[in-house]
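Right, one structure below, let's go through it.
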Amino acid sequence: MGRTEQSIFEQFPYWRTAITQAAPSPANAAPAAEIMVFVGCGTSYNLALSLAALANASGRAAIGVPGGEWTSDARRYWPRPEKAHVVALSRSGETTETVAAAKASRAIGARVTAITVERESVIAAHCDQLLVTKTHPVEGIVMTVSSSLMLLMGLRLLGYTVQESLIDTAQNLLDGLDARLPALIADRSHFVYLGGGALYGVALEGALKLMEMSQIFTQGFHPLEYRHGPISLVDDRTVAVMLYSPERKGAEAKLVAELQEKGARVIGLGGPGDAAFDVPCDPALIGLACLPALQLLGERAAQAHNIDTVAPRHLTKVVTLA
Ligand code: F1P
């Protein structure tokens, strides 16, 4: 087993530790904030999008913004950035754009919460509130355990309770998908990830994982957006991963049936597909429950192409700009 695969399968003890840590003081502890702005880059940006949707769902105005965008012109995203509560996500705590976003936000008086797995990082030194937990030491360039852990910490910041039973759900999904994966992805070269609301960021993250691990071009979409153009790519080379939202399952299942008619093989997470998996948990936690399985999909696709995910092409663990 390679190091990336090992980190995926061995992530749950780290979840357990993060779950049992003292709960962070709630996000609404920043009374002057008009809005929560979740910032990050790459995987951390995908998590930011998901957390922003979950914050809105729990009654707090929120947006997700790439670190570089918030740094270069925050006012294009929120007219009073000094009134924002900025939540900066960064595994390394060193990514140039995210660190700059945190520093610039503090400089104008905004509150900054940092979510990271590196206690001694730059971002940890430039925040008002630090959420940190330990990650698996074997994790390499491709972010696996740490992305699950940062999503978990973000959920707790928003006041969601992550029960130990979620670990069973995530583990069962990981093992269940793994048993079916070789047959599901055999001979398939076009992959698409679909998810709405908080699952849109998770769909993007599934796509990013597959792309960086296996070098297969892929995309993520809001489910019903897929009919508006991208569906023209679907044929018998397609695998579609549908992250079902419980409240929209009917409409999403109809889309899945259309994709199947056109030749796609569908992995249904929380609803129908050629391989269908239950995701029994609080709807807000579906994305977290699915992340390890999505990470594994990237790893198995890479293995099918004899690509080593320990050293993915053109990638480094941290992107720092001069
Ligand atoms: C952000 C990130 C990762 C990506 C790659 C480069 O890192 O874009 O998402 O996988 O390793 O950096 P971070 O700010 O979360 O450390």
Side-chain angles (χ1 to χ4, degrees), residues 11-31 33 35-58 60 62-65 67 70 84-95 97-103 105-106 110-137 139 143-164 166-167 170 198 201-202 205 282 284-285 287-289 291 318:
Q11 64 183 285
F12 299 112
Y14 296 88
W15 289 36
R16 205 160 270 122
T17 302
I19 286 172
T20 49
Q21 274 172 205
S25 52
N28 53 13
I35 190 166
M36 294 184 82
V37 180
F38 292 86
V39 299
C41 296
T43 291
S44 297
Y45 169 59
N46 294 336
L47 304 179
L49 284 180
S50 186
L51 286 168
L54 289 163
N56 287 315
S58 63
R60 293 177 200 87
I63 50 175
V65 182
W70 188 253
H85 173 190
V86 174
V87 182
L89 295 114
S90 176
R91 163 176 71 168
S92 62
E94 307 286 345
T95 297
E97 301 101 297
T98 310
V99 168
K103 285 183 177 172
S105 299
R106 281 190 103 204
R111 177 182 171 83
V112 173
T113 295
I115 303 185
T116 183
V117 294
E118 296 295 342
R119 189 175 290 279
E120 304 303 327
S121 59
V122 177
I123 213 157
H126 289 89
C127 64
D128 302 289
Q129 179 184 19
L130 176 65
L131 307 190
V132 62
T133 193
K134 196 168 167 291
T135 194
H136 198 311
E139 185 179 83
M143 208 196 301
T144 53
V145 197
S146 301
S147 62
S148 310
L149 292 173
M150 289 196 291
L151 184 55
L152 193 159
M153 288 189 280
L155 280 158
R156 294 186 87 213
L157 176 70
L158 293 174
Y160 290 100
T161 303
V162 182
Q163 311 270 15
E164 287 248 347
L166 189 78
I167 294 178
V202 179
E205 175 55 11
D282 174 346
L285 306 183
L288 177 56
L291 265 187
V318 190

If a pair satisfies salt bridge (Lys or Arg N to Asp or Glu O under 4.0 Å) and one of its residues is in residues 124-133, list it, with sequence neighbours excluded.
R106-D128
Show the nearest heavy-atom pair for residues [X] and [Y], with the distance to one decimal.
{"X": "S105", "Y": "V86", "value": "OG-CG2, 3.5 Å"}
{"X": "A55", "Y": "A62", "value": "CB-CB, 3.6 Å"}
{"X": "L291", "Y": "S148", "value": "CD1-CA, 3.8 Å"}
{"X": "A289", "Y": "L166", "value": "CB-CD1, 4.0 Å"}
{"X": "K134", "Y": "Y14", "value": "O-CD2, 3.4 Å"}
{"X": "V39", "Y": "G67", "value": "CB-CA, 4.3 Å"}

Reported [atom1]-to-[atom2] distance for the pair [X] and [Y], which is rounded to 0.5 angstrom:
{"X": "I63", "Y": "L51", "atom1": "CD1", "atom2": "CG", "value": "13.5 Å"}
{"X": "L285", "Y": "L155", "atom1": "CG", "atom2": "CG", "value": "6.0 Å"}
{"X": "L151", "Y": "S44", "atom1": "CG", "atom2": "OG", "value": "11.0 Å"}

So does [Y] get a backbone contact from the side chain of [X], meaning a donor-acceptor N/O pair under 3.5 Å?
{"X": "T116", "Y": "S90", "answer": "yes"}
{"X": "Q11", "Y": "L149", "answer": "no"}
{"X": "Y160", "Y": "D282", "answer": "no"}
{"X": "E139", "Y": "T144", "answer": "yes"}
{"X": "E94", "Y": "V122", "answer": "yes"}
{"X": "T98", "Y": "G40", "answer": "no"}
{"X": "R156", "Y": "I19", "answer": "yes"}
{"X": "R91", "Y": "T43", "answer": "no"}
{"X": "E205", "Y": "N46", "answer": "no"}

Positive for side-chain contact (heavy atoms from CB on, under 4.5 Å) with M150, one of V145, L131, L89
L89
